[in-house]
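Heads up, the thing below is written out as structure tokens.
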Amino acid sequence: MSNFFEEVKRRKVYRVAVAYVIAAGGIIQLASAAFPAWELPNWSLRLVIVLLLIGFPIALILAWAFDVTPEGIKATPAPVTAGGGYRRRNLILLILGGVVISAAAGFFLIPRAAAHKVDKSIAVLPFENLSDDKENAYFSDGIQDDVLTNLSKISDLKVISRTSVMGYRGQGRNVREIGKALGVATILEGSVRRAGNKVRVNVQLIDATNDQHLWAEDYDGDLTDVFKIQTDLAHKIADSLQARLSPNEKARMDARPTENSEAYLAFVQGHDYFNRPDQLLPDLEKAENLFQRAVELDPKFAAAYAQLSSLESWIYQSFDRSPTRRDKARVAANEAVRLAPDLAETHLALGYLSYYIDRDYERALREFKTAQADLPNDSVTYMAIAAIQRRQGHWQESTAGFEKAVTLNPKAGFIWENLAINYLAVRDFAAAEKTFDRGMRAAPQSITLNAMRAMLQLDWKGDVGAIEKALAAIPPDFDPQGIVTSARFNYYVLSRRYPEALQVIQQSKRETFHDISAAELPRSLLLGRAYELLHDGARAREAYQEAAGFVEAKLREAPEDASWHALLGQIYASLDRKDDAVREGKRAVELLPESVDALDGPPITANLAQIYATIGDRDAALPLIEHLLQVPAGLTTPTLRLDPIWDPLRADPRFQALLEKYPVKT
């Protein structure tokens with residue numbers, strides 16, 4: 001062996017080995033820093049390492065065989081005393097040594113190569129409530145939600161929204177499966193114990209790819225220390241994931257929303273009710289009371305005012321379009337602006353006010369984009385912007401926005417629903433069906449997705465049976481705001497089972513019903529429709545007159561509401577008040593034209609076409625129908641064939657020609 005080492009020294013192999021190791025180390029360090037910035041895949045760094053490892057024994061062999069001299073590269077002369085056997089043995093030892101060193105280096109370097117590119121994505125699972133009082137579950141959810149909100153402010157992170165993680169509460173823990181389902185590399189889980197004003201929070205950050213703990217922390221303090229805990233957690237997570245924080249992001253994370261612990265508790269509990277998946281009116285009213293209590297306890301609590309305004313706007317949009325509700329939304333938004341005009345939640349509140357109440361889509365879009373700049377990981381902002389874009393007729397941009405929202409909130413059924421609505425509107429029924437299926441796999445508990453998939457089959461293929469199956473799957477005691485009863489009524493009407501349509505309304509004790517588009521329908525209207533289809537003219541007229549009084553009262557409260565004008569026009573048409581019916585239908589179109597709203601405008605135009613059909617003005621109805629068969633969010637021929645409201649047109653050859661001219665692609 002002494003002969004071998006002397007020969008290695010004589011041939012200057014040591015120098016080449018050291019120089020190679022230094023150069024290779026520099027190349028690996030440079031690649032590990034540059035490749036992630038260039039967004040190259042992890043295997044590209046591993047390939048560089050493998051090539052350098054293979055090159056090491058080759059470099060040793062070349063150093064053994066050749067030497068650099070003033071005359072150039074020449075073969076190194078063999079020692080005169082060494083025989084051929086020694087030379088072969090020394091060369092074999094050199095090659096084996098190089099291979100062993102490369103293999104040992106590869107054992108340590110290759111598995112760690114992927115770690116140089118940090119996947120900056122995280123899901124915060126529901127925190128376990130360890131308090132003796134199990135009613136404190138809302139508090140542990142509040143801690144989790146605030147941590148999520150802080151992380152959502154970091155643009156360099158991908159953060160999964162609250163809706164998509166809440167389904168993992170109380171389930172068996174399988175971090176790898178959760179990470180794969182949500183598309184994240186890390187999982188934060190924890191527990192909260194509250195006793196009076198004392199709080200203990202335990203958290204651990206886990207690598208979802210291998211289920212290894214990255215770190216764990218315990219925090220103890222008073223309720224007033226909660227914000228410090230949440231901020232510290234967000235900073236620690238950002239550091240672990242190597243996320244860059246701008247000065248503005250850091251300042252927003254460090255800001256305290258309130259110094260009043262009781263106001264904070266009311267806000268957290270209100271937020272819990274507001275974000276329940278079904279968003280039933282009783283839950284929203286509880287949230288309203290809690291937000292109001294929060295601002296009473298702390299009149300400077302800007303985030304609570306903003307949430308209260310957003311809540312009032314949503315209730316106005318979905319349940320109660322009264323001036324009182326509208327004014328509540330505006331007053332709370334103005335107070336949020338006065339207290340914190342730059343707060344992201346303030347801009348969200350202003351956006352919803354402009355969107356749902358004022359229908360000022362341009363201003364709503366500006367407000368939502370401003371909020372998105374401060375909440376880059378919040379799926380709500382992407383949804384809100386996408387919702388505005390489709391009303392402006394920008395369907396492709398809108399669809400891309402909903403797709404982005406899905407990546408941030410993959411378990412939220414309502415996002416899948418909105419994405420599918422876009423495909424439905426542009427009549428890409430195959431894509432809509434796939435989207436509904438993806439959504440139902442992600443949120444199998446969603447009744448709305450199942451119902452809307454059935455409506456897709458109706459618009460696409462005229463399949464009424466799909467609605468029957470969807471209705472059969474709904475629990476018998478589930479009928480929020482009468483939506484299910486309304487759906488059953490429509491199913492029986494489309495199936496031309498009119499006695500059963502009448503019976504389903506007669507058996508209900510409700511006085512108003514909401515349909516799938518959230519429109520409020522008086523009981524008398526549905527009874528009138530059923531009696532009319534059963535050719536019971538006297539009872540139909542009596543019911544329609546009562547329905548007209550109901551809608552006229554609504555219009556006195558909200559004279560600029562297009563949907564009430566449209567509904568009143570239908571009622572007047574059924575009462576044979578032709579001029580009044582056309583006036584109301586045209587007024588609805590004036591208030592909500594397709595040029596202003598590409599999503600809700602076409603249904604208002606369709607309502608006018610239905611009014612013309614009902615009063616027997618075929619010349620006015622048919623051009624509108626042809627127009628609606630061509631524009632997004634309009635009509636489809638399968639529904640025209642089925643719905644008895646179009647029966648007055650069926651004998652007209654022009655109507656039949658339209659059905660043949662605009663077939664739905666299957």
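The basis for the numbers below is simple: all heavy atoms, side chains too, and nothing from hydrogens, waters or symmetry mates. Just so it is clear, the structure is predicted and the values come from calculations on it, not from any experiment. Counting from 1, the numbers follow the sequence of the chain as shown.
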Pairwise distance CG(Leu148) to NZ(Lys153) - rounded to 0.5 angstrom: 12.0 Å

Heavy-atom pair of closest approach, residues Ser152 and Asp378: CB-N, 4.5 Å

Evaluation steps, salt bridge (Lys or Arg N to Asp or Glu O under 4.0 Å), between Glu367 and Arg363: CA-CA 6 Å; Glu367 297 293 349; Arg363 183 184 177 189; 3.7 Å; yes

Glu626 and Lys661, any side-chain heavy atoms less than 4.5 Å apart: yes

N/O donor-acceptor pair under 3.5 Å between Thr614 side chain and Gln610 backbone: yes

Contact check, side chains of Trp460 and Thr636, non-hydrogen atoms, under 4.5 Å: no

Passing candidate, salt bridge (charged side-chain N to carboxylate O under 4.0 Å, His left out) with Glu560, options Arg359, Arg326, Arg587: Arg587

Reference residue Asn422; test side-chain hydrogen bond (donor to acceptor under 3.5 Å, both in side chains); the match among Asp428, Thr399, Thr435: Thr399

For residues 400-408, which side-chain N or O atoms pair as donor and acceptor with protein atoms under 3.5 Å away, sequence neighbours left out?
unit_1 : atom_1 : unit_2 : atom_2 : d
Thr407 : OG1    : Lys404 : O      : 2.6

Check against side-chain contact (heavy atoms from CB on, under 4.5 Å), Arg330 and Ile357: CA-CA 9 Å; Arg330 200 174 306 280; Ile357 295 179; 3.8 Å; yes

Salt bridge (Lys or Arg N to Asp or Glu O under 4.0 Å) assessment of Arg583 paired with Asp579: CA-CA 6 Å; Arg583 183 192 70 239; Asp579 292 341; over 6 Å; no

Close aromatic pair by centroid cut-off 6.0 Å: Phe429 and Tyr423: no

Ser313 side-chain N/O to Ser309 backbone N/O, donor-acceptor pair under 3.5 Å: yes

Under 3.5 Å: donor-acceptor pair, side chain of Asp643, backbone of Ile645: yes

All pairs passing ring pair (Phe, Tyr, Trp, His ring centres under 6.0 Å) where residues 329-356 contributes a residue, at least two apart: Trp314-Tyr356, Tyr352-Tyr356, Tyr352-Phe368, Tyr355-Tyr361

Atom pair CD1 (Ile625) and CZ (Phe655), whose distance is rounded to the nearest 0.5 Å: 5.5 Å

Test salt bridge (Lys or Arg N to Asp or Glu O under 4.0 Å) applied to Arg577 and Asp580, step by step: CA-CA 6 Å; Arg577 295 172 56 176; Asp580 292 336; 3.0 Å; yes

Distance, nearest 0.5 Å, that separates CG of Leu521 from OG1 of Thr485: 12.0 Å

Residue pair Val664 / Arg427, side-chain heavy-atom distance below 4.5 Å: no

Heavy-atom pair with the smallest gap, counting every atom of Val184 and Ser121: CA-OG, 3.3 Å

Heavy-atom side-chain contact between Leu567 and Phe550 under 4.5 Å: no

Chi angles and distances behind the side-chain contact (heavy atoms from CB on, under 4.5 Å) call for Asp515, Ile483: CA-CA 5 Å; Asp515 67 12; Ile483 290 175; over 6 Å; no

No-hydrogen, no-angle side-chain donor-acceptor test under 3.5 Å, Gln230 and Asn150: no

Arg293 atom CZ, neighbour heavy-atom count above 12 within 6.0 Å: no

Polar side chain donor-acceptor pair, Glu520 to His514, under 3.5 angstrom: no

Close side-chain approach of Tyr491 to Leu471, heavy-atom, < 4.5 Å: yes

Audit row: Tyr273, Asn289, side chain to side chain donor-acceptor pair (under 3.5 Å) steps and yes/no: CA-CA 10 Å; Tyr273 280 112; Asn289 291 333; over 6 Å; no

Atom CD of Glu285: over 12 foreign heavy atoms under 6.0 Å: yes

Least distance between heavy atoms, Ala548 atom then Tyr572 atom: CB-CE2, 4.3 Å

Side-chain H-bond candidate by donor/acceptor type, His271 with Asn275, under 3.5 Å: yes

Rounded distance (nearest 0.5 Å) linking atom CG of Leu424 with atom CD of Glu417: 10.5 Å

Residue pair Asp320, Ser322: steps toward the side chain to side chain donor-acceptor pair (under 3.5 Å) verdict: CA-CA 6 Å; Asp320 175 19; Ser322 67; 3.0 Å; yes

Heavy-atom pair with the smallest gap, counting every atom of Tyr305 and Pro299: CE1-O, 3.3 Å

Between Glu433 and Gln457: side-chain donor-acceptor atoms closer than 3.5 Å: yes

Test log, rule side-chain contact (heavy atoms from CB on, under 4.5 Å), inputs His565 and Val589: CA-CA 9 Å; His565 284 283; Val589 171; over 6 Å; no

Arg453 to Phe436, cation-pi by 6.0 Å centre distance and 45° axis angle: no

Test item: side-chain donor near acceptor, Gln392 and Glu362, under 3.5 Å: yes

Side-chain H-bond candidate by donor/acceptor type, Asn377 with Tyr382, under 3.5 Å: no

Check: Arg256 side chain, Thr258 main-chain N or O, donor-acceptor pair, under 3.5 Å: no

Straight-line distance of Lys300 NZ to Leu339 CG, nearest 0.5 Å: 8.5 Å

Criterion side chain to side chain donor-acceptor pair (under 3.5 Å) on Gln307 and Glu345, from CA distance to verdict: CA-CA 7 Å; Gln307 281 280 58; Glu345 288 80 359; over 6 Å; no

Side chains of Asp561 and Ser563, donor plus acceptor under 3.5 Å: yes

Asp298 side chain vs Ala263 backbone, donor-acceptor pair below 3.5 Å: no

Ser164/Asn409 under side chain to side chain donor-acceptor pair (under 3.5 Å): CA gap, chis, key distance, verdict: CA-CA 5 Å; Ser164 289; Asn409 206 349; 2.5 Å; yes

Residues that Glu335 engages under salt bridge (charged side-chain N to carboxylate O under 4.0 Å, His left out), provided they are two or more places apart: Arg338

Backbone of Asp600 reached by a side-chain donor or acceptor of Asp597 within 3.5 Å: yes

Value rounded to 0.5 Å, distance of CG in Asp459 from CG in Leu635: 9.0 Å

Heavy-atom pair of closest approach, residues Glu594 and Val631: OE1-CG2, 4.1 Å

Closest heavy-atom pair and its distance - Phe274, Leu284: CD1-CD2, 3.8 Å

